[in-house]
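Shown next, in structure tokens, is the structure this report addresses.
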Amino acid sequence: MHKQFYNFVNFLLGLTAFCALLNSLLLIWHPLIVQAGEFTTWFVVTSLISLTTTIFLLRYYYYKRFMLVFAGAIISVLAHIGSSLVVIIILVNRELIAYYMPSQIIYLGVTILYTISLSFSVAGKRFWLKLAGLCGLLIGLPVMFILIYGQPPAQYIQLYTMVRWLAVAASFTPVLFIMNFIDELKKPDIIKTPREMADISLVILGVVMLLFVGYAGIGIKTTINWGNRNFESAEKLYHLMEGRTFVNNKGDTLFYRLLKPLNYDPHKKYPLVVSLPYGGQPGTDKIRQTEGAVAAELLATDENRKKYPAFILVPNCPVGSGWGGVPNYPS
């Protein structure tokens with residue numbers, strides 16, 4: 001094969017690894033980023049990059065006559081397209097939520113079969129391909145187990161945090177493919193030809209992809225800045241309010257924060273405003289438990305406390321659950 005082909009595949013693999021790593025870290029540091037409009041663009045761009053990379057790998061598998069791997073990769077591409085479409089529809093229209101988990105499990109199952117073919121077929125004679133397959137298997141199996149059996153609400157946050165860290169590990173798998181192609185470039189039969197129109201088109205494609213990644217990255221950066229400002233607002237509200245605990249006759253406990261009216265008069269009646277925060281935040285992070293309580297933040301300003309005196313209550317959503325409407329998340 002041509003030297004330019006291997007160089008471009010390495011470029012795509014490096015771009016795929018970078019996007020996968022950044023995506024995994026973003027979901028760990030800013031889980032609510034999926035609610036941002038820019039995240040949909042980011043997801044589409046990174047999915048297209050990953051899909052393009054796999055298509056170029058298909059060409060390599062076919063050229064090397066790794067037919068079992070070739071077949072597995074084709075099925076993986078189809079499953080990838082299906083699961084990505086489900087995610088995009090959920091992000092845009094909040095529909096097909098019930099299909100999210102089945103589509104992810106199918107895609108992961110097909111990918112595991114693909115990684116098995118890498119390690120235990122003719123392709124496994126190449127050291128880096130065999131290692132890539134084994135790494136994919138070691139990461140994919142525990143993720144599959146968690147997705148299928150890790151549904152109890154009490155363990156939800158811990159288990160899915162583990163999945164996201166496994167995704168960070170999986171983002172380094174393309175590096176093993178890069179090492180394989182570096183080995184291929186050392187072979188004496190590599191074809192070295194002057195750049196032709198096809199090579200120029202590949203370079204243009206690479207530049208376009210980088211521009212799309214940059215565009216989506218700017219949107220993500222804007223969302224992160226918004227998240228930081230949101231945290232600052234939540235922190236200010238947290239210190240302004242009083243922490244309290246309610247326990248019912250069944251022993252169920254609800255933590256909440258309460259802000260009394262300014263210049264409170266016990267002989268007067270005041271309205272009670274209940275403002276729901278985002279929910280689902282770790283129980284140990286009390287400040288983030290108040291994030292997203294927009295009505296409370298608005299009414300807690302000095303001006304509005306004087307103008308609209310009221311009791312303001314922000315309940316903490318129980319750990320491992322949400323207020324409802326979040327895919328695959330206990331309400």
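Just so you know, these numbers come straight off a predicted model, no measurement behind them.
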How close do [X] and [Y] get, counting heavy atoms only, and between which atoms?
| X | Y | answer |
| --- | --- | --- |
| Tyr114 | Ser117 | O-OG, 2.5 Å |
| Leu166 | Val143 | CD1-CG2, 3.5 Å |
| Thr173 | Ala132 | CG2-O, 4.1 Å |
| Gly136 | Thr115 | CA-CG2, 3.9 Å |

**Prompt:** In the hydrophobic cluster built from side-chain contacts under 4.5 Å, what are the other members alongside Val247?
**Reply:**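 Reading the cluster by chain and number, Val247 sits alone, since nothing else belongs.
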
**Members sharing Ile312's hydrophobic cluster (side chains within less than 4.5 Å)** = Leu237, Leu240, Met241, Leu259, Val273, Leu299, Tyr308, Val314

**Asked** Given the rule in the side-chain contact (heavy atoms from CB on, under 4.5 Å) test, do Leu176 and Cys135 qualify, once you have shown the distances and angles that lead to the verdict?
**Response** CA-CA 9 Å; Leu176 301 175; Cys135 287; 3.8 Å; yes

**Message:** Quick check on Glu303: does its CD atom have over 12 non-hydrogen neighbours (other residues, nucleotides or ligands) under 6.0 Å away?
**Reply:**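 At most 12 heavy atoms, drawn from other residues, nucleotides or ligands, come within 6.0 Å of this atom.
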
Between the side chain of [X] and the main-chain N/O of [Y], is any donor-acceptor distance below 3.5 Å?
| X | Y | result |
| --- | --- | --- |
| Arg257 | Thr290 | no |
| Asn180 | Trp128 | no |
| Ser84 | Ile81 | no |
| Thr301 | Leu298 | yes |

My understanding is that only residues two or more places apart in sequence, or in another chain, count here; which of them pass side-chain contact (heavy atoms from CB on, under 4.5 Å) with [X]?
| X | answer |
| --- | --- |
| Lys268 | Asp265, Tyr270 |
| Asn263 | none |
| Leu258 | Arg244, Tyr256, Phe311, Leu313 |

**Asked** Do the non-hydrogen side-chain atoms of Thr245 and Leu254 ever get within less than 4.5 Å of each other?
**Response**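 No; the side chains remain at least 4.5 Å from each other.
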
Approximate separation, where rounding is to 0.5 Å, of [X] [atom1] and [Y] [atom2]:
| X | Y | atom1 | atom2 | value |
| --- | --- | --- | --- | --- |
| Met144 | Leu137 | CE | CG | 11.0 Å |
| Ile139 | Leu134 | CD1 | CG | 11.0 Å |
| Ser121 | Ile116 | OG | CD1 | 11.0 Å |

Answer with yes or no whether the hydrophobic clustering places [X] together with [Y]; edges join I, L, V, M, F, W, Y residues whose side-chain heavy atoms lie under 4.5 Å apart.
| X | Y | answer |
| --- | --- | --- |
| Leu185 | Phe8 | yes |
| Leu276 | Phe255 | no |
| Leu262 | Tyr238 | no |
| Phe66 | Phe127 | yes |
| Leu48 | Val87 | yes |

Output a table of donor-acceptor pairs, distance under 3.5 Å, between side-chain atoms of residues 10-18 and any protein atom two or more places apart or on a different chain; print 'none' if there are none.
{"unit_1": "Thr16", "atom_1": "OG1", "unit_2": "Leu12", "atom_2": "O", "d": "2.8"}
{"unit_1": "Thr16", "atom_1": "OG1", "unit_2": "Thr53", "atom_2": "OG1", "d": "2.8"}

**Request:** Applying ring-ring contact (aromatic ring centres under 6.0 Å, His included), name anything that partners Phe172, two or more places apart in sequence or on another chain.
**Result:**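 For Phe172, no residue satisfies ring-ring contact (aromatic ring centres under 6.0 Å, His included) once neighbours in sequence are set aside.
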
**Message:** Checking Phe181 now: which residues fulfil ring-ring contact (aromatic ring centres under 6.0 Å, His included) with it, not counting sequence neighbours?
**Reply:** Tyr6, Tyr60

**Asked** According to the salt bridge (Lys or Arg N to Asp or Glu O under 4.0 Å) rule, which pairs have a member within residues 126-143, sequence neighbours left out?
**Response** Arg126-Glu184

**Request:** Could you name each residue pair satisfying salt bridge (Lys or Arg N to Asp or Glu O under 4.0 Å) that touches residues 305-316, not counting sequence neighbours?
**Result:**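 Not a single pair qualifies under salt bridge (Lys or Arg N to Asp or Glu O under 4.0 Å).
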
**Request:** Compute both the distance and the angle, then confirm whether Arg65 meets the cation-pi test with Tyr62: under 6.0 Å from the six-membered ring centre, within 45 degrees of the axis.
**Result:** yes

For residues 67-78, run the donor-acceptor check on the side chains, cut-off 3.5 Å, and write out each pair with its distance to 0.1 Å, sequence neighbours left out.
none

Distance-only donor-acceptor hits, side chain of residues 101-113, under 3.5 Å, sequence neighbours excluded:
{"unit_1": "Ser103", "atom_1": "OG", "unit_2": "Tyr99", "atom_2": "O", "d": "3.1"}
{"unit_1": "Ser103", "atom_1": "OG", "unit_2": "Tyr100", "atom_2": "O", "d": "2.7"}
{"unit_1": "Thr111", "atom_1": "OG1", "unit_2": "Tyr107", "atom_2": "O", "d": "2.7"}

